[in-house]
2 protein chains.
Amino acid sequence: MRKRNINVDLTSIDAYFKAGISVDCVIFGFDENELKVLLMRCNMEPYVGLWSLIGDMVHIDEGIDEAAHRILKYRTGLENVYLEQVKTFGSTERHPLGRVVSVAYYSLVKISDYKVSTTSRYLEEEWQNIYNEAHWHSIDDITDLAFDHNKILEESLNCLRKHVREEPVGFNLLPEKFTLSQLQNLYERILGVKLDKRNFRKKILNMKLLKDIKETQQNVAHRPAKLYSFDQERYQQLIEKGLIFDL
Amino acid sequence: MRKRNINVDLTSIDAYFKAGISVDCVIFGFDENELKVLLMRCNMEPYVGLWSLIGDMVHIDEGIDEAAHRILKYRTGLENVYLEQVKTFGSTERHPLGRVVSVAYYSLVKISDYKVSTTSRYLEEEWQNIYNEAHWHSIDDITDLAFDHNKILEESLNCLRKHVREEPVGFNLLPEKFTLSQLQNLYERILGVKLDKRNFRKKILNMKLLKDIKETQQNVAHRPAKLYSFDQERYQQLIEKGLIFDL
DNA sequence: GCAAAAGTGTTCACACTACACCCATGG
DNA sequence: CCATGGGTGTAGTGTGAACACTTTTGC
């Protein structure tokens, strides 16, 4: 019989099971040509009143990805949204209630799908439910957040910036049908650079990832732009052939 | 006075603090022209005897990065090694002892710094301490690992492959002084591709990240190669100027 | 007809690819 | 002198960057 050499002292094993796991979601949206993040008011000392990311404790019988989806659905009503794990924050002093390790996710949502509910709730806003309200904040206007959420936001944004160059994830922030200018604007805002219109269009159209849906804008005070939609099917095909998306 | 609307039921808050956090380190080394990973024997049912990554529970008063460094030092004796968080694995069923969320890190070590200690320990290997032994395994020879460690290894390897193209981290796997062929070999093994010798050398040398240390190999049965070392200082300068490393 | 954004091609510089032979050393 | 890996240059191709004017619509 094998002689076993247990490293863990079984009598004190419970000491290791006293941590909390939380998930914090950095929910990005794009509207009025601004990159925005959905934030809530924090109701926990010593951060009461500060804006915070949208998060919650992970239930003991729930996977972390599952928890992220639950939180997202609960706070935005949205399901099947784009969600990506960013990083885990686990310094000992990050949470006032005890040892809480937080797994950060970022999410990309079509802000128009969500806007209605926020707006209507916003209109009825009252003092007593201010803490339950989520609001969109322009990335550039964000200052002091609760907990270590400034750090989490920063890293998530870096992650998004990197990601958006390597995979066609930006489309998740736009409505189903969009113009090339909207798309260019999105990239410009996320990456913080100015792009050349002609070069951008050439590059994007060469990727063959956009379906020309034979529609144009309506009621705009200028030449109406063609509308495109992202061709998910085609993207899958190209991936299998070893496509490298590279903006 | 503000009316507060607490979301968390404070009476049941303890229910959230029953998880364990662990760190699993994927320790990469490069030797004999092979990419290797340091593994240990698992001593926990139902995985007893299987190879596993090197990990441990995070202490309740210890940050996760700190824990990763502790584990690395304990198992390899190495400090100040390259360590990078990869991803967090948090499905409910991944650990037999309870809810354990594991944060995966990958580490790049100069295998020569470690080799001595393993070798000497290896020589005195006995049945009763087999579980404490760590051994290098060629990436290609790894089959069934304990827990979800195959998955963790796979994701870490993907992360390394991606990373190695974007930042000059590969040097951490080589001795202080190395030849261009060694470096090329390293990249070929990690990326799983064959590279053109002349083009590789041109590209690398153009980056100006290598110091020519005016030494050559000794006692080799062919023309001795020049030795280089990575110029960390120069790299910092170039970063500040917005360098993009791109292999 | 004017304001506002859409749409469109060419040129140039640079980076990447492919490719084959001589060199220095140890045995 | 032979085996082994070290070391080198050029020509052709493709990709990214810079750049300005015409078109279509609403008002």
Asker: What I want to find out is whether B/Lys162 reaches B/Glu166 closely enough, with some N-O distance under 4.0 Å, to be called a salt bridge.
Answerer: no
Asker: Rounded to the Å, how far apart are B/Leu183 CG and D/dG5 P?
Answerer: 18 Å
Asker: Using atom CG of A/Leu247 as one end and atom C1' of D/dA17 as the other, report the distance to the nearest whole Å.
Answerer: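 Rounded to the whole Å, the gap is 14 Å.
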Asker: Could you run through nucleotides 10-16 of chain D and give me one letter per nucleotide, 5' to 3': B if any protein heavy atom sits under 4.0 Å from the base, S if only the sugar-phosphate is that close, - if neither?
Answerer: B-----S
Asker: Between the side chains of A/Gln184 and A/Glu188, does any donor sit under 3.5 Å from an acceptor?
Answerer: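 On atom types as modelled, these side chains qualify, holding a pair under 3.5 Å.
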Asker: What do you reckon, is CD of B/Glu233 surrounded by more than 12 foreign heavy atoms closer than 6.0 Å?
Answerer: no
Asker: Can you check the A/Ile204 CD1 to C/dG7 P distance for me, whole Å?
Answerer: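 These atoms are roughly 14 Å apart.
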Asker: Can you tell me if B/Asn206 and B/Lys203 form a side-chain donor-acceptor pair at under 3.5 Å?
Answerer: no
Asker: If I take atom CZ in residue B/Arg198 and atom P in nucleotide D/dG5, what distance separates them, rounded to the nearest angstrom?
Answerer: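 For the pair B/Arg198 CZ and D/dG5 P, the rounded distance is 18 Å.
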Asker: Have A/Ser229 and A/Glu176 got a donor and an acceptor in their side chains that come within less than 3.5 Å?
Answerer: no
Asker: Please report, rounded to the nearest Å, how far the P atom of D/dT4 is from the CG atom of B/Asn219.
Answerer: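 Rounded to whole Å, this separation is 18 Å.
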Asker: To the nearest angstrom, how far is B/Leu205 atom CG from C/dA15 atom P?
Answerer: 15 Å
Asker: With the sugar-phosphate defined as primed atoms, P, OP1 and OP2, and the base as all remaining atoms, what B/S/- string results for nucleotides 1-6 of chain C, 5' to 3', for protein heavy atoms under 4.0 Å?
Answerer: --BBSB
Asker: Any ion pair linking B/Glu66 and B/Arg70 (charged N to carboxylate O, less than 4.0 Å)?
Answerer: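 Salt bridge flag = no for B/Glu66 with B/Arg70.
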Asker: Whole Å only: how far is the CG atom of B/Asp196 from the P atom of C/dA15?
Answerer: 17 Å
Asker: Please give, in whole Å, the distance from C/dT25 P to B/Gln218 CD?
Answerer: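 Roughly 10 Å, once rounded to whole Å.
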Asker: Mark yes or no for whether B/Arg234, through its side chain, and B/Lys208, through its backbone, hold a donor-acceptor pair below 3.5 Å.
Answerer: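 Judged by distance alone, yes, a pair lies under 3.5 Å.
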Asker: Parallel, tilted or perpendicular: which fits the ring planes of A/Tyr106 and A/Tyr82, with parallel below 30° and perpendicular above 60°?
Answerer: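 If you compare the ring of A/Tyr106 with that of A/Tyr82, the planes turn out tilted.
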Asker: Any salt bridge linking B/Lys226 with B/Glu215? Criterion: basic side-chain nitrogen under 4.0 Å from a carboxylate oxygen.
Answerer: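 No, B/Lys226 and B/Glu215 are not salt-bridged.
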